[in-house]
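Sequence positions, counted from 1, serve as the residue numbers for this chain.
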Amino acid sequence: MALSDGQLEALKNLARKQAGEDVDWINISHARALTDLGFAQRDRVGWKITPEGLEALAAAT
């Protein structure tokens, strides 16, 4: 499955966020698309990358 450039950038930002780094804002439409794919989830604090998202990121880079 190919991610758009924006979705891939959002996924990278979510991975950096999980690692404790400061990240730019995450485009909501990209984050929602990632959620639909199972690569991200939304909680009270914001968007988070899922294990599937980490796998997809590793495969894409």
Side-chain angles (χ1 to χ4, degrees):
M1 167 180 295
L3 297 173
S4 72
D5 291 341
Q7 291 168 337
L8 184 57
E9 188 62 31
L11 203 56
K12 289 177 183 178
N13 278 341
L14 290 175
R16 287 193 295 272
K17 179 180 174 184
Q18 179 176 312
E21 297 179 32
D22 290 330
V23 298
D24 288 335
W25 58 276
I26 297 182
N27 181 293
I28 292 174
S29 65
H30 294 148
R32 285 184 179 161
L34 293 173
T35 299
D36 291 343
L37 295 169
F39 297 160
Q41 67 184 32
R42 174 89 169 135
D43 66 11
R44 297 181 319 207
V45 184
W47 300 97
K48 295 171 65 172
I49 195 167
T50 63
E52 295 82 7
L54 290 170
E55 289 176 18
L57 182 58
T61 55

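Residues in residues 6-15 take part in these salt bridge (Lys or Arg N to Asp or Glu O under 4.0 Å) pairs, two or more places apart or across chains: E9-R16. For the side chain to side chain donor-acceptor pair (under 3.5 Å) condition, the pairs that include at least one residue of residues 26-36, sequence neighbours left out, are N27-S29. Residue pairs meeting the side chain to side chain donor-acceptor pair (under 3.5 Å) criterion with at least one partner in residues 41-52, sequence neighbours excluded, are T50-E52.
Partners of E55 under the side chain to side chain contact (heavy atoms under 4.5 Å, CB included) rule, at least two apart in sequence or in another chain, do not exist in this structure. With sequence neighbours excluded, the residues satisfying side chain to side chain contact (heavy atoms under 4.5 Å, CB included) with A33 are Q7.
A 4.5 Å side-chain heavy-atom check between L14 and F39 finds every atom pair outside the cut-off. Counting heavy atoms from C-beta on, the side chains of L8 and L57 come closer than 4.5 Å.
When all heavy atoms are compared, the tightest approach of A31 to A40 is O-CB, 4.4 Å.
Atom OG of S4 sits about 10.5 Å away from atom CG of L11, to the nearest 0.5 Å.
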